[in-house]
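Below: one structure, written as structure tokens.
First listed ligand is number 1; within each ligand, the first listed atom is number 1. What you see below is based on every heavy atom in this structure, not just the backbone, and it leaves out hydrogens, waters and symmetry mates.
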Amino acid sequence: MRVGVRTDIGKVRRSNQDNYCVTRRLFAVADGMGGSRAGEVASALAVESLESHVFDDSSPERSLLEAINEANRRIYELAAQRPEYAGMGTTLTAAFFADDTVFIGHVGDSRAYLVTNGSITQVTNDHSIVGELFRAGSLTEEEAMNHPQRNLLIQALGTDERVSAEVHRARVSIDDAFVLCTDGLSSLVSSEEIRDTLMVNDDPQKAADDLTEMALERGGHDNITVVVIYALPGAPALEPAVEDAIPLEESVSFESRLCGAAVD
Ligand code: MN
């Protein structure tokens, strides 16, 4: 696997409350929220907690859920102890690779995309009001990107005692590429543009830089964080191998489900 990563404060915000982690098999982005420094603390704690979790290879999906629940608990408890952190929270989108399978877990509106065979799929469902309207077909992607209420989350990590993380699983193929990003990117750069950027870049770091620059050129109204993962040495394949390739819905086999918080 080859990986590129970039985080940027953007052009408007006075601090960068995004965090990320890039390890051999575990990748994540987190977008903190809360007054003063609370958002930074929440996203840093989410990432730290995830990184320190010991993953069990015999049950990677359960491990990932436990890691997310543990991060939720740690943020929630710290927020309860320290008045300056009251109400802090964060998004968390994490990808854990186990053999030929990737497990993607998330809470909030930071996204994971899969680019394969010249197509891009948004793996995660934004846990936001606007995300629900988009899934219901009430908004186009462009309308969702520009919606004034796009920041209203349905759930975040650390704001409640329990959280319902969503976990997706997919078999990883040689040409696959994955993108994890915060809304500072996805609210300014469309999924099609993300796909195009990956397909012309052999180097995942260059892809991460190009995507970030695109968001900055369009105003950079929020912190921007992007992790680009190429499963194998080359860039994602430019075109489907055959002209009349199977429609995406049929070719990508995601198993998705909502998981209730596993209470310790
Ligand atoms: Mn953000």
Salt-bridged, Arg73 to Glu70, with N to O below 4.0 Å?
-> yes

Taking the six-membered ring for Trp, is the centroid-to-centroid distance between Phe55 and Phe103 below 6.0 Å?
-> no

Between CD of Gln122 and NE2 of His168, what distance do you get to the nearest 0.5 Å?
-> 9.5 Å

Charged N to carboxylate O under 4.0 angstrom, Asp222 versus Arg150?
-> no

Any idea how many protein N, O or S atoms are nearer than 2.8 Å to the Mn ion (ligand 1)?
-> 3

Would you call Asp18 and Val29 a side-chain contact if the rule is heavy atoms closer than 4.5 Å?
-> no

Counting only heavy atoms not in Glu192, do more than 12 sit closer than 6.0 Å to its CD atom?
-> no

